[in-house]
Every structure is written in C-alpha cells, then in structure tokens.
Amino acid sequence: MENDKFFLNRAIEIAQKGIMKGGGPFGTVIVKDNKIISEAFNRVVISNDPTAHAEILAIRQAASILQSRELDDCTLYSSCEPCPMCLGAIYWAGIKKVVYSCDSTDAERAGFSDKLIYDEIKLEPSNRRISFIRLTDSGGKEVFRKWDEQENKVIY
C-alpha cells in the first residue's frame, strides 16, 4: 500500500508536469518488480493525436522497453481512472492491477466526460451516433480464413 501511494504520487507529479508543458491533466506510471518502467503524460493537444493519452503512451513505452506486448506482471498507476480507450488497452496489455486517484466524475467536472462512449458501446452499431455500415459481401471473411490457415500464428 505504501508503494502504491509512492507510485501514484509519481503519476500525479507527471500529470502536473504535463500541464506545464501544454498537456492534459493526466499522468501514468507503469511499474514492474517495484521499479518504474515507463511514465507519460497526456499529449493529445501537444501532438494533435486523440489517442495520445498518458496510459496509452506509457503502455507503448513499457512494451517497447520490455520487448513484450504482455504486461501482465506490471501495475499501472494513473492520476485518474482510465477512459474507455485506455481501459481497452490495459486489458489488451494484460495488466492485472490499476491504481488511480481521481475518478470519472472528477474528470467530468474538469470537462472530460466518457459517458457518451460508455453509452454508445452498449448500443447495436446501427443505433450509434456515428454511422456504422457493415458490408458482408466485401471479402473481409477471406482475411480470417487465411489467418485460420496460418500454422505459426500467435493469438493475442
């Protein structure tokens, strides 16, 4: 618990540094074996990249440093509860523990609301605000057929 507070405080420091550099109010630290592997702050505005959230950047950096797409033995510390995109990345990376400070309500009060995304995910694609059009006769299934035939494929 004491280490959790130490690493969470570091994530908060990173968020504060990010604000000073023109980033959003989010910071993330990824830890393995009680050592910081990566840290990042939100760079959405700085880099004109809507996916440049602190968690995503820290996950990319940790995976690169560890030369692994599986971060199941790492803990992610974030200044705020991860958004839906970052939550998905956390699951894809296999991270088993997330420690955070502020929650989605705090983020919403600061102008960062994820409610629309959570609401939209629950809907059938045809009922979402964004137009989702499925063309079943486009040949897309051929890609999966070829994938199924691969002998040395790595499932992830």
Side-chain angles (χ1 to χ4, degrees), residues 1-133 143 147 152-156:
M1 188 68 147
E2 191 159 320
N3 284 342
D4 284 343
K5 285 184 179 181
F6 173 81
F7 293 123
L8 183 57
N9 285 337
R10 179 63 185 156
I12 293 167
E13 285 176 27
I14 296 295
Q16 291 170 344
K17 286 181 181 180
I19 291 170
M20 301 304 289
K21 293 182 178 187
F26 305 98
T28 298
V29 172
I30 296 182
V31 173
K32 178 180 177 179
D33 298 329
N34 230 18
K35 293 179 185 160
I36 293 175
I37 302 301
S38 66
E39 51 188 34
F41 61 85
N42 180 294
R43 301 180 65 85
V44 169
V45 173
I46 295 169
S47 63
N48 292 311
D49 178 354
T51 68
H53 291 205
E55 297 92 337
I56 299 292
L57 297 174
I59 288 170
R60 289 176 183 164
Q61 184 181 42
S64 178
I65 289 168
L66 297 173
Q67 292 293 290
S68 176
R69 67 183 181 285
E70 297 174 6
L71 305 178
D72 54 332
D73 49 359
C74 295
T75 299
L76 185 143
Y77 295 86
S78 184
S79 60
C80 188
E81 178 182 3
C83 75
M85 175 182 69
C86 295
L87 181 62
I90 289 164
Y91 275 96
W92 283 118
I95 294 170
K96 302 277 192 283
K97 180 180 175 184
V98 175
V99 179
Y100 62 96
S101 180
C102 297
D103 66 10
S104 60
T105 303
D106 298 312
E108 189 168 352
R109 278 194 286 264
F112 300 92
S113 178
D114 300 327
K115 184 179 180 337
L116 171 67
I117 298 170
Y118 281 115
D119 290 346
E120 290 280 301
I121 287 171
K122 296 174 194 172
L123 299 175
E124 289 295 318
S126 61
N127 293 327
R128 294 179 183 153
R129 290 184 184 196
I130 296 171
S131 178
F132 280 77
I133 301 166
V143 176
W147 172 256
N152 296 325
K153 63 186 168 212
V154 176
I155 303 294
Y156 54 94

Tell me the ring pair (Phe, Tyr, Trp, His ring centres under 6.0 Å) pairs involving residues 48-84, sequence neighbours left out? F7-Y77
Please determine which of V29, L71, I95, V99 meets the side chain to side chain contact (heavy atoms under 4.5 Å, CB included) test together with L76.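 Of all the options given, the one that passes is I95.
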Could you grab the distance from atom [atom1] of [X] to atom [atom2] of [Y], nearest 0.5 Å is fine?
X	Y	atom1	atom2	value
L87	S104	CG	OG	11.0 Å
D73	K96	CG	NZ	9.0 Å
S78	L8	OG	CG	8.0 Å
R128	L116	CZ	CG	11.0 Å
S79	Y100	OG	OH	12.5 Å
D33	I36	CG	CD1	13.5 Å

Main-chain N/O of R129 paired with E120 side-chain donor or acceptor, under 3.5 Å: yes
Report yes or no: does K153 contribute a side-chain atom to a donor-acceptor pair with the main-chain N or O of W147 at less than 3.5 Å?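 Answer holds: yes.
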Hey, does [Y] have a side-chain heavy atom less than 4.5 Å from the side chain of [X]?
X	Y	answer
C80	F112	no
I59	T28	no
P84	Y118	yes
K32	I65	no

Using salt bridge (Lys or Arg N to Asp or Glu O under 4.0 Å) as the criterion, list what pairs up with [X], not counting sequence neighbours.
X	result
D49	none
K97	D4
K115	D119

Inspect the surroundings of CD1 in I130 and state if more than 12 heavy atoms from other residues, nucleotides or ligands are less than 6.0 Å away.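 No - once you tally the heavy atoms of other residues, nucleotides and ligands closer than 6.0 Å, there are 12 at most.
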Please report the C-alpha distance between S101 and I12 in whole Å, then the side-chain angles of each, then the deciding distance to 0.1 Å, and finally whether the side-chain contact (heavy atoms from CB on, under 4.5 Å) criterion is met. CA-CA 8 Å; S101 180; I12 293 167; 4.0 Å; yes
Taking all non-hydrogen atoms of both residues, which atom of [X] and which atom of [Y] are closest, and how far apart?
X	Y	result
I56	A89	CD1-CB, 3.4 Å
P82	E55	CA-OE2, 3.6 Å
I14	F41	O-CB, 3.6 Å
V154	R69	CG1-NH2, 2.8 Å
A54	F26	CB-O, 3.7 Å
C74	I30	CB-CG2, 3.7 Å

Counterpart residues, side chain to side chain contact (heavy atoms under 4.5 Å, CB included), relative to T105 (two or more places apart): D103, R109
Given T51 and R60, is the side-chain contact (heavy atoms from CB on, under 4.5 Å) satisfied, shown in steps? CA-CA 12 Å; T51 68; R60 289 176 183 164; 3.8 Å; yes
Residue pairs fulfilling side chain to side chain donor-acceptor pair (under 3.5 Å) with at least one residue in residues 5-19, sequence neighbours excluded: R10-E13, R10-E39
